[in-house]
S.K.: 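Below is one structure. I have some questions about it.
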Amino acid sequence: MSLRLFNTLTGQKETFVPLEPGRVRYYVCGVTVYDLCHLGHARTYVTFDVVLRHLRASGFDVTYVRNFTDVDDKIINRANKDGVHALEVSKRYIDEFYTDMDALGILRATIEPKVSGTMPEIIALIEKLVAGKNAYVVERDVYFAVDTFPGYLKLSKRNVEDLEAGARVDVDERKKNPMDFALWKSAKPGEPSWDSPWGKGRPGWHIECSAMAFRHLGESLDIHAGGRDLIFPHHENEIAQSEAASHVPFAKYWMHSGMLNIDDTKMSKSLGNFFTIREVLKDVDAEAMRMFFLTAHYRSQVSFDLAYHCPKCGALVTRQIAESLRHDACAFTKEEARRAVKFVGIDEAEKRLFYVYRTLMKCDALAASMPASEGPVLKPELLAKASSEFTEAMDDDFNTAAALSSTSALLSFANELCDKPPKPRDQSVRTAARIAAELRRGGAILGLFQGDPVKRVADRRVRLIAAKKIDTAAVDALLEERKSARTEKRFADADAVRAKLAALGVDVKDTPSGSVWDVKED
RNA sequence: GGCUCGGUACCCAAGUGGUAAGGGAGCGCUCUGCAAAAGCGUCAUUCAGCGGUUCGAAUCCGCUCCGAGCCUCCA
């Protein structure tokens, strides 16, 4: 089996054949650093992080370039608003970007260029386009002439008439065609600017990516990726300016990730219906968020569902009620209402994630109970099937949802095995070790299951105790009370104590070595 | 208005011509003094609707209904 991926350019799944055997030139459009990242960014970068990991696991030597757009109108606006220099704004949000991406386990790119560090290349590229008559200078601005590039709109599969019918294109008399876009914009007073043959100014939005890709990867890339919303105009314009200058195909494969919706509408800054990554991570596990994204195919649109609860009585309420800050006799603050919002999909993913970690914990314990030994394992066919299904799913256009489901049989078998290891014991021990290794192998490609299970489970417990405000001293006291009731065989009393503990959100588990407790799952 | 994509069980979701993966919830069972965890079983004669093509359709074609995205800055 070989890797197949969906190419936006051709509209179909194709076998992946890199331009140079064994090597992949991979470019992903990065963020404009003027604000904190939201969940939509998280989904996109998790998606392309998995693509990177799978390419590498498949044996490719990947050069991964992901840029930072640090010269842009929105950054300038932000700088003016905050009364600081534009570069301070971008520096700050690059740091914030790393904080969020690191939390989500997203790997650093091989090269992470910035627009501000690529000016000579950008200017040279624009000069080349002007010299080749694909671009023209008007006063101190430079525009790309879309009519000079026959392949224009081949990626988004539109035609100029359709776009013009939209009638939302800026009417600028100075452009030869309304679709022409700026390569260089002359500086307005107070803006950061760079010297150029056309005077002080800065690059237009699209040219930077072409210049950065050319500089670090050459004129032809294997894969160019980004969010679906970049297909037009951003990627379309990148193709036009790059290919007009180089006369070779800019990227062989174009990959686009689906949008993240909230309440059935795309999450976006302009609509204001967004959650920043970090505000959601206050309430949920980062790895669970990552897993949530991977339970759906990367090209499909994912809905981020919210469940609204009354902060006072806990009842499930409608969004309208939650926003009205009043539910029957309960009244609450906006902050309380926000804290009571449940992220349905992530909560579900978190349950599954910790089922995996508990399973790994049991496998590790069994594996460590005896020195490692050589020999056959139990159900080798189950292991082999899970492994090949996982790889096949990933090879089929990065079908992470199917890959994840291929681990199910392995997980239930692991639990069965660890709970009652069949004899001979050394065979069970080897099998547990093999299953754990296989789960971790697949997990590494998804960027999941790499934590220390004991630590992850313990940390989650601490987090849930804090979130549910469980009084551990009270729990311990009740546990003592129950212990004496049990030793005296006063089971009715013991059960009454169990009920009290349940009311506190605590589950008690009686083991041969005594009673332990955990936070009750919702 | 134009162009795309989608509608699969109570919920999430894979599957794009060979007879409906997986997960969550629910229910039943095993284990347990009770419980939890874990395991097992059960849970869509059917894939928005209606026609058509085919030996065979969730998958292909046509129409209808519904939802979303893009056409302006967006991941």
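Proteins get letters first, then strands, A, B, ... in listed order; numbering begins at 1 in each.
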S.K.: Round to a whole Å and report the spacing from CG of Asp229(A) to C1' of C5(B).
M.R.: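 So the two atoms are 14 Å apart, to the nearest Å.
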S.K.: Does a side-chain N or O from Arg158(A) land closer than 4.0 Å to OP1 or OP2 of C70(B), or not?
M.R.: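 Answer no for this pair, as no side-chain N or O of Arg158(A) is under 4.0 Å from OP1 or OP2.
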S.K.: Using a heavy-atom cut-off of under 4.0 Å over every strand shown, decide if Leu404(A) touches base, sugar-phosphate, or nothing.
M.R.: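 The answer is nothing, as Leu404(A) stays clear of every strand by at least 4.0 Å.
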S.K.: I want to verify a distance call: between A75(B), G39(B), A68(B), whose nearest atom is closest to the Asp264(A) side chain?
M.R.: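 Among A75(B), G39(B), A68(B), the one nearest the side chain of Asp264(A) is A68(B).
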S.K.: For nucleotides A68(B) and A36(B), find the distance between their P atoms and express it as a whole number of Å.
M.R.: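 Comparing P positions in A68(B) and A36(B) gives a spacing of 42 Å.
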S.K.: Rounding to an integer number of angstrom, what distance separates C31(B) and G17(B) when you compare their P atoms?
M.R.: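 Result for the P pair: 47 Å, nearest Å.
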S.K.: Can you tell whether the side chains of Glu416(A) and Lys420(A) come within less than 4.0 Å, N to carboxylate O?
M.R.: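 Salt bridge: no.
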S.K.: Answer yes or no: is there a side-chain heavy-atom contact under 4.5 Å between Phe181(A) and Lys175(A)?
M.R.: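 No, every pair of side-chain atoms sits at 4.5 Å or beyond.
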S.K.: Please confirm whether Arg460(A) makes a cation-pi placement over Phe354(A), using NZ or CZ under 6.0 Å from the six-membered ring centre and within 45° of the ring normal.
M.R.: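 Ring-cation test returns yes.
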S.K.: Picking from G24(B), A38(B), A75(B), which would you name as closest to the side chain of Arg358(A)?
M.R.: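 Nearest nucleotide to the side chain: A38(B).
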S.K.: So, for His235(A) and His206(A), is the gap between ring centers shorter than 6.0 Å?
M.R.: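 Ring-ring flag for His235(A)/His206(A): false, centres at least 6.0 Å apart.
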S.K.: Work out how far the P atom of A58(B) is from that of U4(B), and round it to whole angstrom.
M.R.: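 Per the computed distance, 26 Å lies between those P atoms.
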S.K.: Taking side-chain hydrogen bond (donor to acceptor under 3.5 Å, both in side chains) as the definition, give me every residue that meets it alongside Asn399(A), ordered by chain and number, with sequence neighbours left out.
M.R.: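 Per chain and number, Asn399(A) pairs via side-chain hydrogen bond (donor to acceptor under 3.5 Å, both in side chains) with no residue.
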S.K.: Which nucleotide sits closest to the side chain of Ser405(A): A75(B), C73(B), A21(B)?
M.R.: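 Looking only at side-chain atoms, Ser405(A) lies closest to A21(B).
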S.K.: How many Å lie between CD on Glu416(A) and P on G41(B), as a whole number?
M.R.: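 That distance rounds to 10 Å.
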S.K.: Need one value for Thr265(A): base, sugar-phosphate or nothing, where a base atom within 4.0 Å counts as base even if backbone is also close, heavy atoms only.
M.R.: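 Sugar-phosphate only.
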S.K.: Can you tell me, in whole Å, how much space there is between the P of G1(B) and that of G23(B)?
M.R.: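 These two P atoms come out 44 Å apart once rounded.
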S.K.: Which part of the nucleic acid does Lys266(A) contact within heavy-atom distance under 4.0 Å: base, sugar-phosphate only, or nothing?
M.R.: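 Since a base atom lies under 4.0 Å of Lys266(A), the category is base.
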S.K.: Could you tell me how far A14(B) sits from A21(B) if I compare only their C1' atoms? Round to whole Å.
M.R.: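 Per the computed distance, 6 Å lies between those C1' atoms.
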S.K.: Taking pairing as Watson-Crick or G-U wobble with both contacts under 3.5 Å, can you name the mate of C29(B), or confirm there isn't one?
M.R.: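 Pairing partner: G39(B).
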S.K.: Mapping Thr359(A) and Lys74(A) to their closest nucleotides on RNA chain B, which lands nearer the 5' end?
M.R.: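 Per heavy-atom nearest nucleotide, the more 5' residue is Thr359(A).
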S.K.: Are Arg290(A) and Asp49(A) ion-paired here, with the side-chain N under 4.0 Å from a carboxylate O?
M.R.: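 Salt bridge between Arg290(A) and Asp49(A), a charged N being under 4.0 Å from a carboxylate O: yes.
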S.K.: I need the CG-P distance between Asn237(A) and U72(B), as an integer number of Å.
M.R.: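 These atoms are roughly 11 Å apart.
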S.K.: Between Arg352(A) and G24(B), is there a contact of a side-chain N or O with OP1 or OP2 at under 4.0 Å?
M.R.: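 Indeed, a polar side-chain atom of Arg352(A) lies that close.
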S.K.: How long is the line joining CD1 of Ile262(A) and P of G69(B), in whole Å?
M.R.: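 Between P of G69(B) and CD1 of Ile262(A): 13 Å.
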S.K.: So which nucleotide does C70(B) pair with, by the Watson-Crick or G-U wobble rule with both distances under 3.5 Å?
M.R.: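 Answer to the pairing question: G2(B), which forms a Watson-Crick or G-U pair with C70(B).
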S.K.: Could you tell me how far G62(B) sits from U46(B) if I compare only their P atoms? Round to whole Å.
M.R.: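 About 26 Å, rounded to a whole number of Å.
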S.K.: Please name the nucleotide paired to A21(B) by Watson-Crick or G-U wobble geometry with both distances under 3.5 Å, or report none.
M.R.: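 Pair assignment: A21(B) / none.
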S.K.: Quick check for you: to the nearest 0.5 Å, what is the distance between Leu5(A) atom CG and Asp395(A) atom CG?
M.R.: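 Nearest 0.5 Å value for the CG-CG distance: 10.0 Å.
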S.K.: For Lys362(A), answer base if it contacts any base atom (sugar-phosphate contacts may also be present), sugar-phosphate if it contacts only those atoms, and nothing otherwise; contact means non-hydrogen atoms under 4.0 Å.
M.R.: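 The residue Lys362(A) makes sugar-phosphate contact but no base contact.
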S.K.: Can Asp285(A) and Arg456(A) be counted as an ion pair, charged N to O under 4.0 angstrom?
M.R.: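 Between Arg456(A) and Asp285(A) there is a salt bridge, with a charged N closer than 4.0 Å to a carboxylate O.
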S.K.: Of the listed nucleotides (A75(B), G39(B), G15(B)), which one gets closest to any side-chain atom of Asn415(A)?
M.R.: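 The answer is G39(B), which lies nearest to the side chain.
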S.K.: Do the side chain of Ser257(A) and the base of A75(B) come within less than 3.5 angstrom through a donor-acceptor pair of N or O atoms?
M.R.: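 No pair found.
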S.K.: Flag the pair Lys455(A) and Asp459(A) as a salt bridge only when some basic side-chain nitrogen lies within less than 4.0 angstrom of an acidic carboxylate oxygen.
M.R.: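 The answer is yes: the pair qualifies as a salt bridge.
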S.K.: Looking only at atom P, what distance separates C71(B) and G39(B), rounded to whole Å?
M.R.: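 47 Å, rounded to whole Å.
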S.K.: Rounded to the nearest angstrom, tell me the gap between atom CD1 in Ile76(A) and atom C1' in C73(B).
M.R.: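 These atoms are roughly 14 Å apart.
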S.K.: Tell me, do His256(A) and Leu155(A) make a side-chain contact under 4.5 Å, heavy atoms counted?
M.R.: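 Yes, their side chains come closer than 4.5 Å.
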S.K.: Is the ring centre of Phe68(A) less than 6.0 Å from the ring centre of Tyr98(A)?
M.R.: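 Yes.
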S.K.: How many whole angstroms separate atom NE2 of His235(A) from atom P of C73(B)?
M.R.: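 Answer to the nearest Å: 14 Å.
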S.K.: When the distance from CD of Glu521(A) to C1' of G23(B) is rounded to whole Å, what number comes out?
M.R.: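 About 15 Å, once rounded to whole Å.
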S.K.: Taking any heavy-atom pair under 4.0 Å as a contact, classify Phe48(A): base, sugar-phosphate, or nothing.
M.R.: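 If one applies the 4.0 Å heavy-atom cut-off, Phe48(A) turns out to touch nothing in the nucleic acid.
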S.K.: Taking only nitrogen or oxygen atoms into account, show me every contact under 3.5 Å that the protein makes with nucleotides 10-13 of chain B, one pair per line with its distance.
M.R.:
none

S.K.: If I pick the C1' atom on G15(B) and the same atom on C47(B), what distance separates them, to the nearest angstrom?
M.R.: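 Going atom to atom, C1' in each nucleotide, I get 11 Å.
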S.K.: Is there a Watson-Crick or G-U wobble partner for C65(B) with both distances under 3.5 Å, and which nucleotide is it?
M.R.: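 Base-paired to G7(B).
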S.K.: Kindly give the atom pairs (protein nitrogen or oxygen, nucleotide nitrogen or oxygen) under 3.5 Å for nucleotides 31-35 of chain B.
M.R.:
residue	atom	partner	partner atom	Å
G33(B)	O6	Arg482(A)	NH2	3.0
G33(B)	O6	Arg486(A)	NE	2.9
G33(B)	N1	Asp495(A)	OD1	3.0
G33(B)	N2	Phe491(A)	O	3.2
G33(B)	N2	Asp495(A)	OD1	2.8
G33(B)	N2	Asp495(A)	OD2	2.5
C34(B)	O2	Asp495(A)	OD1	3.2
C34(B)	O2	Arg498(A)	NE	2.9
C34(B)	N3	Arg498(A)	NH2	2.9
C34(B)	N3	Asp510(A)	OD2	3.4
C34(B)	N4	Asp510(A)	OD2	2.3
A35(B)	O2'	Arg498(A)	NH1	3.4
A35(B)	N1	Asp510(A)	N	2.9
A35(B)	N3	Arg498(A)	NH2	3.1
A35(B)	N3	Val508(A)	O	3.1

S.K.: Between Leu271(A) and Tyr355(A), which is nearer to the 5' end of RNA chain B once each is assigned its nearest nucleotide?
M.R.: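 The answer here is Tyr355(A).
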S.K.: In whole angstrom, what separates Leu410(A)'s CG from G22(B)'s P?
M.R.: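 Spelled out: CG on Leu410(A) to P on G22(B) is 14 Å.
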S.K.: Does the pair Asp102(A)/Arg108(A) count as a salt bridge with the N-to-O cut at 4.0 Å?
M.R.: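 Salt bridge between Asp102(A) and Arg108(A), a charged N being under 4.0 Å from a carboxylate O: yes.
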